[in-house]
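Data block below; observations after.
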Amino acid sequence: MSHHPLKAVTLTHVRYRKGDQLGHFLAWVSLVPVFISLGGFISHFIFRRELQGMFFAIGLIISQFINEIIKKSVQQARPETCALLEMCDSHGWPSSHSQYMFFFAVYFTLLTYKKLGLIFRNQLLVAVVLVWPLAVLTMYSRVYLGYHTVAQVFAGAALGAVLGWGWFWIVNNVLSGLFPAIEESAFGRFFYVKDTSHIPNVLRFEYENARSAKKHPSYKRAD
């Protein structure tokens with residue numbers, strides 16, 4: 001029976017030096033892209049099904065696909081510190097974590113600034129206080145933990161920012177014209193897909209309509 005080398009699933013395989021509290025914290029920070037993907041966008045599809053959010057997620061997937069193509073083409077090795085982490089079986093330029101977070105930060109900020117599908121008027125504050133610091137911390141964590149060089153994380157961040165801006169422009173200047181057709185399609189009707197980017201305050205709109213629906217017997221749930 002032949003023995004093949006084992007390879008770990010790298011989705012949550014993040015290591016840090018034992019006893020290093022900062023390293024422990026940054027290890028969790030480096031998992032933020034996983035939390036956003038699994039917790040944020042999957043929850044969004046289940047409960048919201050907004051076209052802006054769905055195309056946001058599609059853009060992140062395309063960004064990561066581009067990242068893999070570039071890594072395989074350039075084939076730049078990770079730093080020597082990565083050998084101690086047993087995680088050097090993949091290429092390091094550009095950093096996919098940094099690219100993901102800066103794509104997310106740019107797209108989220110533009111969505112907020114343009115007030116597309118906003119729930120809160122002060123959501124731009126969330127981008128400044130939470131999203132951008134998390135993006136920078138993620139970039140720093142990949143260097144601190146030894147997975148990437150400084151050049152690799154800056155390359156990922158720059159590429160993510162450019163792709164985030166570019167995809168936002170494509171979605172809201174080209175693809176948004178298809179939103180009505182998607183809403184009316186068999187897919188859109190079956191999954192209740194919608195576009196609420198034209199509504200200034202989605203939270204207030206849904207709140208008022210939910211309260212109004214209580215007065216109509218046709219909307220009441222049958223037990």
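No hydrogens, no waters, no symmetry mates; every other heavy atom, side chains included, goes into these values.
Among residues at least two apart or in separate chains, there is no salt bridge (charged side-chain N to carboxylate O under 4.0 Å, His left out) pair with a member in residues 61-74. Within the structure, side chain to side chain donor-acceptor pair (under 3.5 Å) pairs that include any residue of residues 130-140 comprise Thr109-Trp132 (at least two apart or interchain). Residue pairs satisfying the salt bridge (charged side-chain N to carboxylate O under 4.0 Å, His left out) criterion with at least one member in residues 146-173, sequence neighbours excluded, are absent.
Separating the OG atom in Ser98 from the CD atom in Gln152 is a distance of 9.5 Å, to the nearest 0.5 Å. Separation of atoms CE (Met54) and CZ (Phe179) is listed at 9.5 Å; rounding is to 0.5 Å. To the nearest 0.5 angstrom, Leu111 atom CG is 9.5 Å from Phe104 atom CZ. Taken from CG in Leu178 to CD in Glu183, the straight-line distance is 11.5 Å, to the nearest 0.5 Å. Rounded to the nearest 0.5 angstrom, Asn67 CG and Leu60 CG are separated by 12.0 Å. Atom CG of Leu134 is separated from atom CG of Leu130 by 5.0 Å, given to the nearest 0.5 angstrom.
Of all non-hydrogen atoms in Phe108 and Phe56, the two that sit nearest each other are N-CZ, 3.9 Å. Of all non-hydrogen atoms in Arg49 and Tyr192, the two that sit nearest each other are CB-O, 3.8 Å. Contact detail for Leu159 and Ile70: the closest heavy-atom pair is CD2-CD1, 3.5 Å. Between Leu163 and Ser63, the shortest heavy-atom contact is CD1-OG, 3.7 Å.
You'll find the side chain of Ile182 reaches within 4.5 Å of the side chain of Phe55, heavy atoms only. Under the 4.5 Å side-chain criterion, counting only non-hydrogen atoms from C-beta, Trp167 is in contact with Phe103. Residues Leu110 and Trp165 meet the side-chain proximity criterion, which asks for heavy atoms closer than 4.5 Å.
For Asn173 (side chain) and Trp169 (main-chain N/O), a donor-acceptor pair under 3.5 Å exists by modelled atom type. In this structure, Glu50 contributes its side chain and Thr196 its backbone to a donor-acceptor pair below 3.5 Å.
By the 6.0 Å and 45° rule, Arg142 stacks over the aromatic ring of Tyr147.
Phe154 pairs by the ring pair (Phe, Tyr, Trp, His ring centres under 6.0 Å) definition with nothing, not counting sequence neighbours. Applying the ring pair (Phe, Tyr, Trp, His ring centres under 6.0 Å) test to Phe187 and every residue at least two apart in sequence or in another chain returns Phe191. With sequence neighbours left out, the side chain to side chain contact (heavy atoms under 4.5 Å, CB included) criterion links Glu208 to Arg204. Every residue two or more places apart in sequence or in another chain that forms a side chain to side chain contact (heavy atoms under 4.5 Å, CB included) with Val136 is listed here: Phe102. Ile61 meets the side chain to side chain contact (heavy atoms under 4.5 Å, CB included) test with no other residue; sequence neighbours excluded. Scanning for side chain to side chain contact (heavy atoms under 4.5 Å, CB included) contacts around Ala155 gives Trp93, Pro94, with sequence neighbours left out. The side chain to side chain donor-acceptor pair (under 3.5 Å) check on Glu184 picks up Arg189, with sequence neighbours excluded.
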Exercise for the section: Dump the intermediate steps for side chain to side chain contact (heavy atoms under 4.5 Å, CB included) on Lys194 and Leu51, then the final yes or no. Expected result: CA-CA 6 Å; Lys194 61 186 181 296; Leu51 282 168; over 6 Å; no

Exercise for the section: Please test Val171 against Gln52 for side chain to side chain contact (heavy atoms under 4.5 Å, CB included), starting from the C-alpha separation and ending with a verdict. Expected result: CA-CA 8 Å; Val171 169; Gln52 281 285 350; 4.3 Å; yes

Exercise for the section: Could you go through the side chain to side chain contact (heavy atoms under 4.5 Å, CB included) check for Met139 and Ser95 one step at a time? Expected result: CA-CA 8 Å; Met139 183 171 67; Ser95 165; over 6 Å; no

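Side-chain contacts under 4.5 Å among hydrophobic residues (ILVMFWY), followed directly or transitively, place Ile69 together with Phe65.
Grouping the Ile, Leu, Val, Met, Phe, Trp and Tyr side chains by contacts below 4.5 angstrom, directly or via other members, places Tyr113 apart from Val162.
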